[in-house]
There are 2 protein chains.
Amino acid sequence: MATITDVAALAGVSTATVSRAFNGKSTVDPLLAERVFAAAGELDYRPNGLARNLRKQVTTVLALIVSDVENPFFTSVARGMEDTAQTAGYSVVLCNSDDSADKERRYLEVALQERMAGVVISPTGPVDGVRMLRERRVPVVAVDRPVPGDVGGTVDEVLVDSRSAAREATEHLIAQGYERIGCVTGPAGVATADERLDGYRDALTAAGRPAAPQHEWHADYRPAGARDTTRVLLDGPDRPDALLVANSAMAIGVLEAMNERGLRPGRDLGLIAFDDAPWTRAVDPPLSVVAQPAYDIGSEAARLLLTRIAAPDGPAASTLFEAHLVTRGSSQRG
Amino acid sequence: MATITDVAALAGVSTATVSRAFNGKSTVDPLLAERVFAAAGELDYRPNGLARNLRKQVTTVLALIVSDVENPFFTSVARGMEDTAQTAGYSVVLCNSDDSADKERRYLEVALQERMAGVVISPTGPVDGVRMLRERRVPVVAVDRPVPGDVGGTVDEVLVDSRSAAREATEHLIAQGYERIGCVTGPAGVATADERLDGYRDALTAAGRPAAPQHEWHADYRPAGARDTTRVLLDGPDRPDALLVANSAMAIGVLEAMNERGLRPGRDLGLIAFDDAPWTRAVDPPLSVVAQPAYDIGSEAARLLLTRIAAPDGPAASTLFEAHLVTRGSSQRG
DNA sequence: TTGTACGCGTTATCAT
DNA sequence: ATGATAACGCGTACAA
């Protein structure tokens, strides 16, 4: 593979000039530049990114570490981040931590070893990993959830006000006349799961309804877990007549269990789920959802990260997006 | 950030010894190794991947360039590839070409500049891009589709026998008593779209039914396009009573259009779609699908790539996976 | 077994 | 405006 030296030789200039030409420095004679590019073309030369990175002590690669690549919310985040990063000349490496603190830690180590320019993460593990990067002055932005254990909010975050959204959704179910409203949320301890449950409780409390622990369930944010949970809750006593479901993957499981029993969304069981996944329009009746601005979240995270790369110091920024309720057929009785 | 020199100094050895210790060479005195690791721990040293890569002239990063990150088929492929690559010590960079030849080309350039160890791609653009890598001895494996214009099959591929699967699915619709079976496939010219249409035709022909051009539609492999197409075909004359849909994203659009018209899958319109997306179990009745072994495809592609990295020469390998029909409620009248 | 010294390909500094 | 040259941090001949 041709190197800068080869090009310099063929063009009859120094490597410095070739470098300058390729980096668009204005201080290079147009005539020489011409010759450089001609030579480069002839040799089919591409600058060696590795050497450049070593020399400049910085890469233009960002990492996005998500807890579940198959979750449409995170793929949207990825697209948003990618598009913004792209325009600034950065590439994005997508990493899947699978909600395992171990895997997450490994990826953080990789980010450090490969001297990536920054990391966006939906954190699973404790704050240590993130702290490790920050000590090395590698910018980190948390998305979707704050970093567990990060007291004092020292790391940049892009979050969604799930609690208000959950409350709004629950209020809508109440307004629609549902009376025994339940909530299927994610694992206790996961911030989004807790918040969504809190918002649900807020609405019930405000409506003067008793808190009903037997109407609150935790599943693992995946279809199968929610399906099993729903089977139990549908077959048990005091069956709810409506459900707030904390993400779209679990909504799949809920619908599956309802199908098994011939239950129809809306009529037999009011339903609102978080995440406006494409398929939610495919079910009959269409699923009411809490739409999170996933793409914008990714895009904003990238922007924050790039800002932080440019100016490593300064106080942590926290951006809070609103989620909004999209009412469709599954949340009305008629 | 501490370098190998700092560690060597603190441990009272040469940088060579530190390097050997960190690379697990057996030729290093256990006592010295001990001292090296102690020093490294104290300094919180991490080898600089950039320098290592430059020195070794090779990275341990693989690229996966897909035509649509939001397509669950490709996210499964990504997971399969990632898991296999991981165990061999490689990382995977996920890139989204968005079915744009331009974007694809840019990512191929990045792969080249960053000296990535290999590329798995679902090709959109012409063979030139791929050829460019291969000339530079960067291994490439095509997944999902062959490389357009690659006469003679010079590049490694991992494909699925869509045609047979489409035929099988169509035969099932015929056996279920559907009489006016249509096909909504992807863009003409995209290999998978053409193959699935061919398989559909195979079945009709074999059943002694006339080819019916008015029952064949092309859409863009996305929900909205398929929805619009389906609106037209449902409202038009000679409306089909069953549909083979060439991917799950389009199935969403088809179902949406059906919902608008109060049509029920199976009873009013038999339905089989490619891709066993999680949500297909959430609709009522559940969607019959052609399940592709997406995870295995990714895993096999990684294996092929790693083999090729180890032995760059030798004839191109082509792996063909079977897809299998999963019959559920949407393909039976009852 | 260990150390010395060179080179990977590039960019930045300093002269010219 | 251009060229010579010294790093960047590591791995590996080669020598000891």
Side-chain angles (χ1 to χ4, degrees), chain A residues 1-37 39-40 43-61 89 109-110 112-117 136-138, chain B residues 1-37 39-40 43-61 89 109-110 112-117 136-138:
Chain A
M1 201 116 82
T3 73
I4 199 173
T5 314
D6 303 327
V7 176
L10 183 57
V13 299
S14 75
T15 60
T17 299
V18 177
S19 174
R20 282 190 280 254
F22 264 83
N23 291 289
K25 304 284 186 199
S26 53
T27 66
V28 53
D29 187 305
L31 187 73
L32 279 195
E34 185 86 10
R35 260 166 49 202
V36 166
F37 290 123
L43 296 172
D44 209 10
Y45 163 76
R46 327 262 152 161
N48 185 326
L50 304 178
R52 166 182 299 169
N53 292 339
L54 174 58
R55 172 62 230 230
K56 304 183 74 153
Q57 289 293 72
V58 58
T59 66
T60 54
V61 177
E109 290 282 357
V110 170
L112 212 49
Q113 290 216 169
E114 299 295 328
R115 302 301 195 267
M116 296 187 185
R136 294 300 206 338
R137 308 185 64 76
V138 177
Chain B
M1 198 119 78
T3 74
I4 200 173
T5 315
D6 303 327
V7 176
L10 183 57
V13 299
S14 74
T15 60
T17 299
V18 176
S19 174
R20 284 190 278 255
F22 263 83
N23 290 291
K25 304 283 186 199
S26 51
T27 66
V28 52
D29 188 305
L31 188 73
L32 281 194
E34 185 85 11
R35 263 171 41 208
V36 166
F37 290 122
L43 296 172
D44 209 10
Y45 164 76
R46 325 262 152 160
N48 185 326
L50 304 180
R52 167 182 300 170
N53 292 339
L54 175 59
R55 173 59 231 234
K56 303 184 73 158
Q57 289 292 71
V58 57
T59 67
T60 55
V61 178
E109 290 282 358
V110 170
L112 212 49
Q113 290 217 171
E114 298 295 328
R115 302 301 194 266
M116 296 187 184
R136 295 299 208 331
R137 306 186 65 76
V138 177

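Here is how names work: the chains are called A, B, and so on, in the same order as the sequence lines, proteins then strands, and each is numbered from 1. Side chains included, hydrogens not; waters and symmetry mates left out as well; all remaining heavy atoms used. Model, not experiment: these values are computed from the prediction.
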Nearest-angstrom distance from the residue atom CZ of B/R20 to P of D/dA13: 11 Å

Check every strand shown and say whether A/N23 touches a base, only sugar-phosphate, or nothing at a heavy-atom separation below 4.0 Å. sugar-phosphate

Check this one for me: any side-chain N or O of B/Q57 less than 4.0 Å away from OP1 or OP2 of C/dG9? yes

Counting the atoms with a prime plus P, OP1 and OP2 as sugar-phosphate, which does A/F22 contact under 4.0 Å by heavy atoms, base, sugar-phosphate, or nothing? nothing

Tell me the interatomic distance from B/Q113, atom CD, to C/dT11, atom P, rounded to whole angstroms. 10 Å

Which of A/D44, A/L43, A/N48 passes side-chain contact (heavy atoms from CB on, under 4.5 Å) with A/R46? It is A/D44

Output the rounded distance in Å from NZ (A/K56) to C1' (D/dA7). 15 Å

Think A/S19 has a side-chain N or O under 4.0 angstrom from the OP1 or OP2 of C/dT11? yes

Which part of the nucleic acid does B/V18 contact within heavy-atom distance under 4.0 Å: base, sugar-phosphate only, or nothing? nothing

Please report the distance, rounded to the nearest Å, between CG in B/N53 and P in C/dT10. 15 Å

How would you label the contact of A/L32 with the nucleic acid (heavy atoms, under 4.0 Å): base, sugar-phosphate, or nothing? sugar-phosphate

Is it true that a side-chain atom of A/D6 and a backbone atom of A/A2 form a donor plus acceptor pair closer than 3.5 Å? no

Distance, rounded to the nearest Å, where B/R115 contributes CZ and C/dT10 contributes C1': 11 Å

Can you tell if the side chain of B/R35 reaches within under 4.5 Å of the side chain of B/V13, non-hydrogen atoms only? yes

Check whether any side-chain heavy atom of A/E114 sits under 4.5 Å from a side-chain heavy atom of A/T59, and report yes or no. no

Are any non-hydrogen side-chain atoms of A/V138 and A/M116 less than 4.5 angstrom apart? no

Rounding to an integer number of Å, can you tell me how far A/L50 CG sits from D/dG11 P? 14 Å

Check each residue of residues 1-13 of chain A for a non-hydrogen atom within less than 4.0 Å of any atom in DNA chain C, then write out the ones that pass by number, or none. A/T3, A/I4

A/L54 vs A/K25, nearer the 5' end of DNA chain C by closest nucleotide: A/L54

Shortest side-chain distance from B/R55, nucleotide among C/dG7, D/dA1, C/dG9: C/dG7

Quick one: are A/M1 and B/R137 in side-chain contact, heavy atoms under 4.5 Å? no

B/T17 side chain near C/dG3 phosphate (N/O to OP1/OP2, under 4.0 Å): yes

On DNA chain D, compare the nucleotides closest to A/D29 and A/T15; which residue's is nearer the 5' end? A/D29

Any B/I4 side-chain heavy atom under 4.5 Å of B/P47 side chain: no

In whole Å, what is the span from the CG atom of B/N48 to the C1' atom of C/dC8? 13 Å

